[in-house]
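The structure under discussion appears below in the form of structure tokens.
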Amino acid sequence: TQTTLLRDRLAAMEDGGLVVMSVTPAPYRCPPGPYERASLIAQYLKANKPRSKLLILDAKDTFSKMPLFQDAWAADYYGVLEWRGASEDGRVSRVDAATSTLSTDFEDIVADVANIIPPQKAAEIADRAGISDATGWCPINATSFESTLQDNIHVIGDAAFVAPMPKSAFAASLQAKLCA
């Protein structure tokens with residue numbers, strides 16, 4: 001539903017509009033995901049709304065596969081896509097949905113289309129099972145994938161908090177094989 005809503009808002013936006021995307025601090029599912037989405041939005045804007053711009057406000061100063069994305073953005077989306085990390089006033093501190101305004105420490109930015117990636121955590125079932133902690137994720141023993149909070153429960157995939165493993169499909173697949 002949210003993907004369709006984003007598509008419809010992008011299509012309805014006037015050429016010359018501003019799309020603002022905020023990226024939450026880690027951890028979150030699929031570390032390159034926000035930047036893949038940004039690339040697709042930039043591609044759409046370049047092809048269909050060439051006077052429009054995408055501004056990415058990122059709560060981090062680095063991200064997964066950053067050099068690859070930045071090289072591609074510079075080559076393919078120069079003037080269409082701008083990325084601001086946390087040290088460049090990229091951390092969003094407040095969102096006013098009624099006015100599509102994203103506030104950073106030093107600026108209020110009014111978007112024609114806002115795409116907010118909120119902080120994430122394990123699914124509600126993890127809370128009900130008593131296997132998530134104050135971080136919202138499920139701490140595990142890295143060698144067995146057993147919950148450190150509940151015996152005989154094993155957690156793999158996005159819900160598992162075991163740094164430095166990323167929350168990616170590839171990591172989840174490996175975790176499942178090791179756990180099995």
Side-chain angles (χ1 to χ4, degrees), residues 1-121 137 157-161 163-175:
T1 304
Q2 291 298 308
T3 303
T4 302
L5 179 62
L6 177 59
R7 180 202 61 202
D8 293 346
R9 287 189 177 169
L10 288 170
M13 182 181 75
E14 294 289 326
D15 188 13
L18 176 64
V19 180
V20 182
M21 182 176 172
S22 75
V23 182
T24 188
Y28 52 84
R29 294 171 184 89
C30 188
Y35 312 99
E36 292 168 350
R37 179 184 305 176
S39 298
L40 291 170
I41 291 171
Q43 180 183 29
Y44 173 81
L45 295 177
K46 183 178 176 179
N48 299 286
K49 308 214 182 241
R51 295 183 307 117
S52 297
K53 182 177 177 181
L54 168 61
L55 172 62
I56 304 168
L57 300 174
D58 201 329
K60 305 170 304 311
D61 280 322
T62 61
F63 57 86
S64 178
K65 302 181 183 354
M66 184 174 181
L68 296 172
F69 279 106
Q70 289 188 321
D71 287 349
W73 294 342
D76 296 333
Y77 307 120
Y78 181 80
V80 176
L81 187 152
E82 177 187 345
W83 174 83
R84 288 191 205 166
S87 63
E88 297 172 318
D89 197 33
R91 187 183 324 263
V92 173
S93 57
R94 190 170 53 87
V95 175
D96 182 340
T99 63
S100 293
T101 302
L102 291 80
S103 299
T104 67
D105 289 340
F106 299 104
E107 186 177 10
D108 292 333
I109 302 164
V110 179
D112 293 293
V113 175
N115 184 225
I116 311 301
I117 300 175
Q120 298 177 8
K121 65 183 206 102
W137 302 102
D158 291 343
F161 186 72
M165 287 185 205
K167 296 187 177 307
S168 68
F170 179 75
S173 176
L174 290 176
Q175 291 168 6

Could you go through the side-chain contact (heavy atoms from CB on, under 4.5 Å) check for Lys60 and Val23 one step at a time? CA-CA 8 Å; Lys60 305 170 304 311; Val23 182; 3.4 Å; yes

The complete set of side-chain hydrogen bond (donor to acceptor under 3.5 Å, both in side chains) pairs with one or both residues in residues 61-72, sequence neighbours excluded, reads Asp61-Ser87

Restricting to side-chain contact (heavy atoms from CB on, under 4.5 Å), what partner residues turn up for Tyr78, sequence neighbours left out? none

Taking only distance into account, with no hydrogens and no angle test, what donor-acceptor pairs under 3.5 Å do side-chain atoms of residues 79-86 form with protein atoms, sequence neighbours excluded?
residue: Glu82; atom: OE1; partner: Lys53; partner atom: NZ; Å: 2.6
residue: Glu82; atom: OE2; partner: Arg84; partner atom: NE; Å: 3.1
residue: Trp83; atom: NE1; partner: Asp58; partner atom: OD2; Å: 3.0
residue: Arg84; atom: NH1; partner: Glu107; partner atom: OE1; Å: 2.9

Would you indicate whether the side-chain heavy atoms of Ser100 and Asp112 approach each other to under 4.5 Å? no

Applying side-chain hydrogen bond (donor to acceptor under 3.5 Å, both in side chains), can you list everything that pairs with Arg37, at least two apart in sequence or on another chain? Asn115

Looking at side-chain heavy atoms only, is the closest gap between Pro34 and Tyr28 below 4.5 Å? yes

With heavy-atom distances below 4.5 Å as the criterion, would you say the side chains of Val92 and Val20 are in contact? no

Got a donor-acceptor contact below 3.5 angstrom from the Asp108 side chain to the Ser103 backbone? no

Smallest separation among heavy atoms of Pro118 and Ile116, with atom names: CD-O, 3.3 Å

Out of curiosity, Met13 CE to Lys49 NZ, how far, rounded to the nearest 0.5 Å? 6.0 Å

Closest non-hydrogen atom pair between Gln120 and Trp137, with its separation: O-CZ2, 3.3 Å

How close do Cys30 and Glu36 get, heavy atom to heavy atom, and via which atoms? SG-OE1, 4.5 Å

Hey, is the main chain of Asp105 close enough, under 3.5 Å, to the side chain of Asp89 for a donor-acceptor pair? yes

N/O donor to acceptor pairs below 3.5 angstrom from side-chain atoms of residues 38-48, sequence neighbours left out:
residue: Ser39; atom: OG; partner: Tyr35; partner atom: O; Å: 2.9
residue: Ser39; atom: OG; partner: Trp73; partner atom: NE1; Å: 2.9
residue: Lys46; atom: NZ; partner: Asp76; partner atom: O; Å: 2.8
residue: Asn48; atom: ND2; partner: Tyr44; partner atom: O; Å: 3.1

Show the atom names and distances, to 0.1 Å, of all donor-acceptor pairs under 3.5 Å that link a side chain in residues 1-9 to residues at least two apart or in another chain.
none

In this structure, which one of Val95, Ile56, Leu102 forms a side chain to side chain contact (heavy atoms under 4.5 Å, CB included) with Ser22? Leu102

